[in-house]
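I have placed the structure first, in the form of structure tokens, so that the comments after it can refer back to it.
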Amino acid sequence: MPMSASPIPFNRPVPAGREAEHLQACLASGRWCGDGPWTRKAQTMLEASQGFRKALLTPSCTAALEMAALLSGVGPGDEVILPSYTFVSTANAFALRGARLVFADSLATHPNLDAAAVEALVTPRTRVIVAMHYGGTACDMDALERLAERHGLLLVEDAAQCIGARHQGRPLGSIGAFGTFSFHETKNVACGEGGALVVNDPRFDLKAEIVREKGTNRAAFFRGEVDKYGWVDLGSSYLPSEFAAAVLVAQLEELDRINTRRIALWERYREALAPLARAGRIALPELPEGHGHNGHVFYVVTPDLATRTRLMAHLKADGISAVFHYQSLHKSPYFQDHHDGRPLPNSDRFSDCLLRLPLFASLTDEEVDRVVASVTAHLS
Ligand SMILES: *Cc1c(COP(=O)(O)O)cnc(C)c1O
């Protein structure tokens with residue numbers, strides 16, 4: 001690394017414009033708790049820009065997944081099919097309800113769930129399929145929708161990484177009964193910690209509000225639909241503060257610009273690394289037919305773990321922070337003794353060989369070129 005080159009972090013949350021202005025207005029308004037004007041504004045923006053039926057802000061995607069699990073009504077004796085290559089919260093939300101987790105493998109060519117593998121795991125006890133769209137690239141939703149319909153299963157999309165991404169023109173998160181989003185600082189639009197539950201199946205509209213408001217019908221009360229409110233079902237506290245919502249509004253105002261920039265950086269990586277892929281040194285992300293990803297993650301897949309470890313160290317020495325991602329959940333310290341023993345080799349391979357390169361809205365073309373040069377120097 002030339003002495004003048006500054007380090008390139010893996011991620012940096014980038015203010016989009018009016019965050020400070022909105023926060024000041026929120027502070028001065030005297031309304032700080034959840035479900036105020038900033039929350040409503042963020043929800044309306046999500047619904048209008050993405051075509052969602054109903055979006056409810058939550059404190060995190062983890063919270064939205066817990067809501068989806070509560071709403072699904074699963075409990076002990078029920079089975080939930082989900083990928084092993086995903087974030088802990090996808091699984092933990094359903095484990096909290098006492099459901100049995102049945103992990104499915106990834107595709108050989110992509111970290112996303114293999115729909116054929118899911119089909120083989122359906123039993124009379126299966127209630128829910130959770131699809132996670134890695135990097136904002138859609139799972140085979142046509143196959144998963146058909147499967148869910150044929151067996152009467154609830155389809156949930158962990159769309160944490162997917163804001164603005166599409167599958168054959170349909171927004172990700174709008175296809176299953178529920179879609180869950182994250183606005184954690186590592187995601188395309190961020191408010192520190194934050195999330196949303198998108199409710200696509202109208203049967204859950206009322207119950208989703210109740211679960212989110214500590215099991216009370218407070219939302220209906222404020223609409224004047226009931227004359228007092230009380231405890232009517234199970235729930236918890238799933239409202240973010242107005243501060244988070246105010247920051248999120250500023251980020252959503254610039255969603256298109258953020259995603260356009262991220263996609264341009266993503267394309268720059270892919271083009272510049274194509275020769276290494278052609279030479280068989282690495283594999284690059286594959287995009288399914290009709291994809292409309294949002295430039296959330298750019299990754300390379302090395303031939304083995306040792307190569308990835310050396311490549312990470314080489315990048316680090318050049319001042320570049322590249323990071324691996326999930327470790328197979330079926331082999332996790334918490335779950336390994338509950339797993340049924342089926343090998344999930346594709347999930348394990350992505351655990352060992354996938355490496356994410358720096359990608360955030362204020363990354364420059366020159367910085368991408370520096371990362372590419374470093375990867376190329378090490379692998380050629
Ligand atoms: C980030 C992420 C989550 C968790 O989001 P939080 O908002 O941090 O709770 C869940 N699932 C996936 C796939 C994620 O990428």
Side-chain angles (χ1 to χ4, degrees), residues 10-11 13 34 39 42 46 55-70 80-96 101 103-104 106-107 110-113 128-139 141 144 155-165 167 172-173 175-176 178-198 212 236-241 243-245 247-248 251-252 259 262 285 293-299 323-329 332 335 347 350-351 354 356 359-360:
F10 170 67
N11 177 62
T39 297
L46 284 169
L56 298 170
L57 284 202
T58 60
S60 62
C61 184
T62 300
L65 284 160
E66 288 179 20
M67 285 182 69
L70 261 166
V80 175
I81 302 175
L82 73 172
S84 181
Y85 194 77
T86 185
F87 190 61
V88 174
S89 297
T90 323
N92 191 66
F94 290 89
L96 279 171
L101 306 183
F103 287 110
S106 298
L107 294 161
H110 196 281
N112 277 349
L113 202 51
V128 178
I129 299 171
V130 193
M132 187 278 283
H133 308 293
Y134 189 72
T137 297
C139 294
M141 291 312 284
L144 292 176
L155 184 57
V156 175
E157 296 176 80
D158 181 345
Q161 307 173 3
C162 298
I163 190 69
H167 170 70
L172 297 190
I175 299 166
F178 304 111
T180 65
F181 286 84
S182 174
F183 306 117
H184 182 266
E185 76 167 36
T186 51
K187 304 305 202 268
N188 289 25
V189 304
C191 58
E193 303 275 355
L197 179 75
V198 171
R212 184 161 166 271
S236 189
S237 180
Y238 292 122
L239 274 63
S241 82
F243 305 131
V247 171
L248 184 61
Q251 294 261 307
L252 288 172
N259 280 0
R262 293 185 74 115
H293 77 104
N294 61 353
H296 177 63
V297 181
F298 189 88
Y299 62 84
V323 297
F324 56 82
H325 214 173
Y326 308 126
Q327 298 296 295
S328 291
L329 292 177
S332 61
F335 199 81
S347 175
F350 289 115
S351 299
L354 183 149
R356 296 178 290 163
L359 182 53
F360 47 90

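In listed order, ligands and their atoms are each counted from 1. The chain is numbered in sequence order, starting from 1.
T39 places no side-chain N or O within donor-acceptor distance of the main-chain N or O of A245, the cut-off being under 3.5 Å. Without hydrogens or angle criteria, E157 side chain to G179 main chain gives no donor-acceptor distance under 3.5 Å. Put simply, the side chain of N259 never gets that close to the backbone of V189: no donor and acceptor are under 3.5 Å apart.
By the 30° and 60° cut-offs, the orientation of the rings of Y326 relative to F87 is tilted.
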Pick out the protein N or O atoms lying less than 3.5 Å from any N or O of ligand 1, and list each pair with its distance.
from     : atom 1 : to   : atom 2 : distance (Å)
ligand 1 : 5 (O)  : S182 : OG     : 3.3
ligand 1 : 7 (O)  : C61  : N      : 2.8
ligand 1 : 7 (O)  : S182 : OG     : 2.7
ligand 1 : 9 (O)  : C61  : N      : 3.3
ligand 1 : 9 (O)  : T62  : N      : 2.8
ligand 1 : 9 (O)  : T62  : OG1    : 2.5
ligand 1 : 11 (N) : D158 : OD1    : 3.4
ligand 1 : 11 (N) : D158 : OD2    : 2.8
ligand 1 : 15 (O) : Q161 : NE2    : 2.9
ligand 1 : 15 (O) : K187 : NZ     : 3.2
ligand 1 : 15 (O) : Y326 : OH     : 3.3

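Aromatic ring centres of F350 and Y299 lie farther apart than the 6.0 Å criterion allows.
H325 meets the ring pair (Phe, Tyr, Trp, His ring centres under 6.0 Å) test with Y134; sequence neighbours excluded.
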